[in-house]
Amino acid sequence: MQNASIVILNEFLKKFAEKKRKNMLSFLSDEIRKKIEKTPHLKVSIDFEKFEPQNIIKEIHYSWYLPFLKKFPKKQQLWFLSLLEKNISEKLKNFLQIKEKIKKLPIFFSFFLQKIFFKEILDDYILPKEYLVPSKLNFLLNLSKNNLIKLINFLALFDLAKEIPKIIDTKILKKIDKHLSKEEKIFLHSKIKYKESFSFPKLQINKYINSKEAFKLMLHKRGIIRFAKALSTQDNNLIWHISRKLDIGRGKILYELSQKDKFFEISKSITSNIIQILPIITKEEEYE
């Protein structure tokens with residue numbers, strides 16, 4: 001995972017002649033020098049404003065703030081809420097059951113609170129999304145939270161497509177049809193002959209088929225597993241950004257699963273699945 005601090009230092013050092021650069025590197029620890037040697041130069045000009053915490057934090061779903069805010073009594077929660085945009089702070093007020101008004105704080109005090117808040121919410125080494133290493137999946141950062149959720153739901157249909165031909169009970173098939181949206185049914189039908197060189201545990205269709213909510217939740221969980229497998233071979237900066245675009249419940253699971261075993265062929269296959277789904281997601285987004 002590329003470290004934002006190392007990337008900035010590397011870009012700063014490249015401005016100097018080789019001899020002076022080597023001299024400056026000699027003052028750094030072996031560990032830092034090795035990291036710099038492994039860090040490729042950016043292909044775009046660096047904009048230091050993009051690295052400012054307040055610019056990165058705008059992309060994070062507000063639910064990621066809750067664990068931090070819940071550590072404090074109501075008065076202190078209001079202090080931290082004053083740092084956020086009004087639409088976000090109002091949502092958090094509802095979650096935290098705060099009725100008092102948010103008051104503007106003195107600038108010096110706000111600056112002090114920001115330091116605490118940013119340190120807790122952001123990882124120091126996170127790169128802004130504009131400076132991520134090239135990847136086929138970087139386009140995911142342009143999707144909204146809702147469309148990432150739709151992507152997860154459609155990914156699970158690849159699992160369902162493999163199991164449908166094995167189901168002989170017409171009652172179960174009718175219930176599956178009833179539980180899916182029109183777009184999901186069309187997509188599922190197009191993938192009935194889909195095959196993979198690997199396999200996941202079978203879906204527990206019989207266990208959940210009688211409840212639409214339970215059935216859809218089962219599929220959603222499988223979609224998150226598939227998504228995590230695709231992301232597992234990606235740079236951790238990309239995984240961090242995507243997981244933070246989702247709510248903390250889904251995002252934490254996605255991030256944790258993506259840190260497990262990496263199988264490049266599986267990741268490549270599911271990445272292809274994601275690219276196939278993209279036109280459906282973006283088409284639906286036009287009508288939202």
request  = Would you confirm whether His241, through its side chain, and Ile56, through its main-chain N or O, come within 3.5 Å as a donor-acceptor pair?
outcome  = no
Derivation and outcome, side-chain contact (heavy atoms from CB on, under 4.5 Å), residues Gln54 and Gln114 = CA-CA 9 Å; Gln54 55 265 37; Gln114 278 183 339; 5.5 Å; no
query = Glu163 and Lys202: salt bridge (charged side-chain N to carboxylate O under 4.0 Å, His left out), yes or no, with the steps?
reply = CA-CA 8 Å; Glu163 295 196 26; Lys202 286 185 65 176; 5.1 Å; no
query = Parallel under 30°, tilted from 30 to 60°, perpendicular over 60°: which one fits the rings of Phe72 and Phe68?
reply = perpendicular
task = Report yes or no: do His220 and Asn153 form a side-chain donor-acceptor pair below 3.5 Å?
result = yes
request  = Identify whether Phe139 and Ile280 are in the same connected component of the hydrophobic contact network (ILVMFWY, side-chain heavy atoms under 4.5 Å).
outcome  = yes
note = NZ (Lys229) and CG (Asn273) are apart, to the nearest 0.5 Å, by 14.0 Å
ask   = Minimum heavy-atom separation for Arg226 to Leu155, with atom names?
value = CD-O, 3.2 Å
message = Distance alone, cut at 3.5 Å: any donor-acceptor contact between the side chains of Gln276 and Lys191?
response = yes
task = Work out which heavy atom in Ala230 is nearest to a heavy atom in Leu137; give both atom names and the distance.
result = O-CD1, 4.1 Å
query = Is there a side-chain contact (heavy atoms from CB on, under 4.5 Å) between Ile176 and Ile167 once you walk through the steps?
reply = CA-CA 11 Å; Ile176 291 172; Ile167 299 172; 3.8 Å; yes
inquiry  = What's the separation between atom CG in Asp159 and atom CE in Met218, rounded to the nearest 0.5 Å?
reply    = 9.0 Å
request  = State, to 0.1 Å, how close Ser243 and Trp64 come at their nearest heavy-atom pair, and which atoms those are.
outcome  = O-CZ2, 3.4 Å
request  = Using a 4.5 Å cut-off on heavy atoms from C-beta on, say whether the side chain of Phe227 contacts that of Ile270.
outcome  = no
key: Test: Lys74 and Glu100 ion pair at under 4.0 Å   = no
task = List the steps and the verdict of salt bridge (charged side-chain N to carboxylate O under 4.0 Å, His left out) for Glu59 and Lys129.
result = CA-CA 10 Å; Glu59 303 289 330; Lys129 63 181 184 179; 3.5 Å; yes
task = Classify the side-chain pair Gln234/Asn138 by whether it contains a donor and acceptor separated by less than 3.5 Å.
result = no
ask   = What's the spacing between Ile209 CD1 and Lys174 NZ if we round to 0.5 Å?
value = 13.0 Å
note = Between Leu157 and Leu188 the two heavy atoms that sit nearest each other are O-CD1, 3.6 Å
ask   = Under 4.5 Å between any side-chain heavy atoms of Leu219 and Tyr208, yes or no?
value = no
query = Side chains of Leu180 and Phe215: closer than 4.5 Å at any heavy-atom pair?
reply = yes
task = Could you tell me if the ring centre of Phe80 sits under 6.0 Å from that of Tyr65?
result = no
ask   = Parallel, tilted or perpendicular: which describes the rings of Phe187 and Phe158, with under 30° parallel and over 60° perpendicular?
value = perpendicular
query = Does a side-chain heavy-atom distance below 4.5 Å link Ile192 with Pro165?
reply = yes
query = Do Phe117 and Leu84 touch side chain to side chain, with heavy atoms closer than 4.5 Å?
reply = yes
Spacing of Ser110 atom OG and Lys104 atom NZ [to the nearest 0.5 Å] = 8.5 Å
inquiry  = Is there a path of hydrophobic side-chain contacts, each under 4.5 Å between heavy atoms, that joins Phe263 and Phe198?
reply    = yes
query = Any side-chain heavy atom of Leu66 sitting closer than 4.5 Å to one from Leu96?
reply = yes
task = Could you tell me whether a side-chain N or O of Ser269 sits under 3.5 Å from a main-chain N or O of Glu265, the two making a donor and an acceptor?
result = no
query = In terms of hydrophobic clusters joined by side-chain contacts under 4.5 Å, are Ile205 and Phe200 together?
reply = yes
task = For Lys262 and Thr233, indicate whether the former's side chain and the latter's backbone hold a donor-acceptor pair under 3.5 Å.
result = no
request  = Look up atom CD1 in Ile126 and atom CD1 in Ile60, then write down how far apart they are to the nearest 0.5 Å.
outcome  = 9.0 Å
task = Sort out for me which residue in Ile149, Asn147, Asn146 forms a side chain to side chain contact (heavy atoms under 4.5 Å, CB included) with Ile281.
result = Asn147
ask   = Would a 4.5 Å heavy-atom cut-off, applied to side chains only, mark Glu184 and Lys216 as touching?
value = yes
Distance-only polar pair, side chains of Tyr131 and Asn237, donor-acceptor under 3.5 Å = no
task = List the steps and the verdict of side-chain contact (heavy atoms from CB on, under 4.5 Å) for His61 and Lys245.
result = CA-CA 5 Å; His61 189 266; Lys245 289 198 83 169; over 6 Å; no
task = List the steps, then state whether side-chain contact (heavy atoms from CB on, under 4.5 Å) holds for Trp240 with Leu122.
result = CA-CA 10 Å; Trp240 189 94; Leu122 296 176; 3.6 Å; yes
ask   = Which atom names give the shortest non-hydrogen contact between Leu81 and Ser89, and what distance separates them?
value = O-CB, 3.5 Å
query = Does Glu183 come within less than 4.0 Å of Lys150, counting only side-chain N to carboxylate O?
reply = no
ask   = With hydrophobic residues grouped by side-chain heavy-atom distances under 4.5 Å, do Phe111 and Phe109 end up in a single group?
value = no
ask   = Has the side chain of Ser63 got a donor or acceptor atom that lies under 3.5 Å from a matching backbone atom of Ile248?
value = yes
key: Steps toward side chain to side chain donor-acceptor pair (under 3.5 Å) verdict (Asn236, Tyr255)   = CA-CA 9 Å; Asn236 251 22; Tyr255 190 86; 3.1 Å; yes
key: Verify same cluster id: Trp79, Phe108 (apolar side-chain graph, 4.5 Å)   = yes
Nearest-0.5 Å distance, CG of residue Leu143 to CG of residue Leu246 = 10.0 Å
request  = Check whether any side-chain N or O of Lys175 sits under 3.5 Å from a backbone N or O of Asn210 as a donor-acceptor pair, and report yes or no.
outcome  = no
key: Heavy-atom side-chain proximity of His179 to Lys212 below 4.5 angstrom   = yes
message = Please find the pair of heavy atoms, one from Leu140 and one from Leu148, that lie closest to each other, and give the distance.
response = O-CD2, 4.0 Å
